[in-house]
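The structure appears right after this line, and notes come after that.
For the numbers below, each heavy atom of this structure counts, side chains included, while hydrogens, waters and symmetry mates do not. Letters A, B, ... mirror the listed sequences (proteins, then strands); counts begin at 1.
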Amino acid sequence: MAAARVRTRFAPSPTGALHFGSVRTALFAWLAARHAGGDFILRIEDTDQERYIPGTEALIIETLNWLGLDFNEGPEVGGPHDPYIQSLRIATYREHADRLVADGNAYWCTCTPARLAQMRDAQRARSEPTRYDRHCLTRQAEVARERASGMAAVVRLRMPDGVSEWDDVVRGHVSFANADIDDQVLLKSDGFPTYHLAVVVDDHLMEISDVIRSDEWIPSTPKHLALYAAFGWDAPRFAHVPAVLGPDHQKLSKRRGARNVLEYGELGYLPSAIVNAIALLGWSSGDEQEVFSPQELCERFTLERVNAAAAVFDPKRLDDLNGIHIRRMSVDDLVEALEFHLPGTSKETRRLLIPMLRERMVTLADATRLCAPLLGEVTVDPGVEFPPKKVDQATAVAMIDVCIEAVEEGGLDDQAALLERIRAVAEGAGVKSRDAFRVLYVAILGTPAGLPVIEAMAFLGKDQSLQRLHQARARLG
RNA sequence: GCCCGCAUCGUCUAGCGGUCAGGACACCACCCUUUCAAGGUGGUAACCGGGGUUCGACUCCCCGUGCGGGUACCA
């Protein structure tokens, strides 16, 4: 078979916002496609009306767009295999189910949920695997009459004998004894397909070359293989990626509080940092590079290098990467990105602030806190010691006085000269400059730590700086 | 119950029979320094257990243990 074009898809069910687990699966599928110069497709798997949460579809698209995981085909953008929403493709599944029944690879079943439950209990009691006992397979004529009289019925896959096996891109060789596998329901009594039928039909029709999905699907892959065989289709490559675990080592899930990825945007995380962080959850480059732009990831990523073990998401790692990605941004990009976190500021103002901020942000949201004393009034927090620790009254007074004097005389243009003059006073007082300078930080910023104080004064201007210095001086009595 | 998968520092990982078991995050120390950061240097810290195979196992095989997943007319 000729090397087919690589086509991957992300196929979420619209049951809620995306968290890091689902997004990572999407990312791997996107990276695999982009690495190969192939196509990435978004398909919505909404075959369960009961679990459907309205609005989720738009949320998923927004998340993908925000992260930069662009899709070539899917809802809204369309494509050659439109529609990309399964609830709009019901007739297709129905036709395929009929074909399976006609060929003897599937059969109708009218067993009630109660009988099924009873059957499973009995099997369990006998230490047997739970699977359908094919009661209806042996009475198809009767089942046909029951259906004609309006009895609820489903179509079940007739699981063939033998062994199902495949070479999983991340797991290696995997095999199952078909005898342990259930005759899966393919068409529900409401006429909707189950995941199993829909996914196989769509992946084939949409020419998906690599099925990349979370590893909870491993046990049902034999059913899918049986379906490909029954239809006479070639099966795609399968890559089952491991789960992403929370700090409790439990799989990330919507209940249990896994966060909507979009919330990280509001918190000041960069899409590129998130992409970098989750790519590292299970994938490694093979050399020692760990900071990647999305572009670099596309170049370097291969499914073969995805680890098979589940990974615990570490927020500290994201923080680190986010700071690095922020520092790698251009000033122009930061001016834009900071608009949300420094509301009411002009581009020029943000441009002035960025050199001070850059090395100090873990998230963009830190800008709000860091810049507050420069964009508003200094607040005198009674919890802040003044004079600070290790600095006596006299030294504090001297520091403020020299600063006032220097600013009045020399202004704020020559920051180096200003710094020298102040430092000389600290040294003369025999106090470490690291301690003495805190006096100025509290005076100007209201806290002993923050943006560099001389640059901060330059930003505030002479009048405002002097006013704050005099205010502080007054507090010292 | 039955089936499947996974197993290296606290966390993410490299390793694909012979390494002082490497890197990153976090943590600690020091340096730099106008605070805080950023940056630099160094440090603490790991092969789940037991059997094999082999001259030699983190690496291959088996068993156990732990964890995860599946076992639905949910995906």
Could you check whether any side-chain N or O of A:Ser220 sits under 3.5 Å from a backbone N or O of A:Lys223, counting only pairs where one atom can act as donor and the other as acceptor? no
Which listed nucleotide ([options]) is nearest to the side chain of [X]?
X	options	answer
A:Leu419	B:U34, B:C4, B:A75	B:U34
A:Lys316	B:C73, B:C25, B:A14	B:C25
A:Glu359	B:A37, B:A75, B:U34	B:A37

Identify whether NZ of Lys or CZ of Arg in A:Arg147 sits under 6.0 Å from the centre of the six-membered ring of A:Trp108 and within 45° of that ring's axis. yes
For the pair made of [atom1] in [X] and [atom2] in [N], what is the distance, rounded to whole Å?
X	N	atom1	atom2	value
A:Ile181	B:C3	CD1	P	12 Å
A:Lys432	B:U33	NZ	P	14 Å
A:Leu440	B:U35	CG	P	12 Å

Counting only Watson-Crick or G-U wobble pairs whose two distances fall under 3.5 Å, which nucleotide matches B:U33? none
Which part of the nucleic acid, if any, lies within reach of A:Thr47 when heavy atoms closer than 4.0 Å are counted: base, sugar-phosphate only, or nothing? sugar-phosphate
Using a cut-off of 4.0 Å on non-hydrogen atoms, how would the nucleic acid contact of A:Val185 be classed: base, sugar-phosphate, or nothing? sugar-phosphate
Using the benzene-type ring in the case of Trp, are the ring centres of A:Phe292 and A:Trp283 under 6.0 Å apart? yes
Under 5.5 Å and under 30°: A:Phe437 stacked on B:U35: no
Between protein and nucleic acid, restricted to nucleotides 58-64 of chain B and to nitrogen or oxygen atoms under 3.5 Å apart, what atom pairs and distances do you find?
none

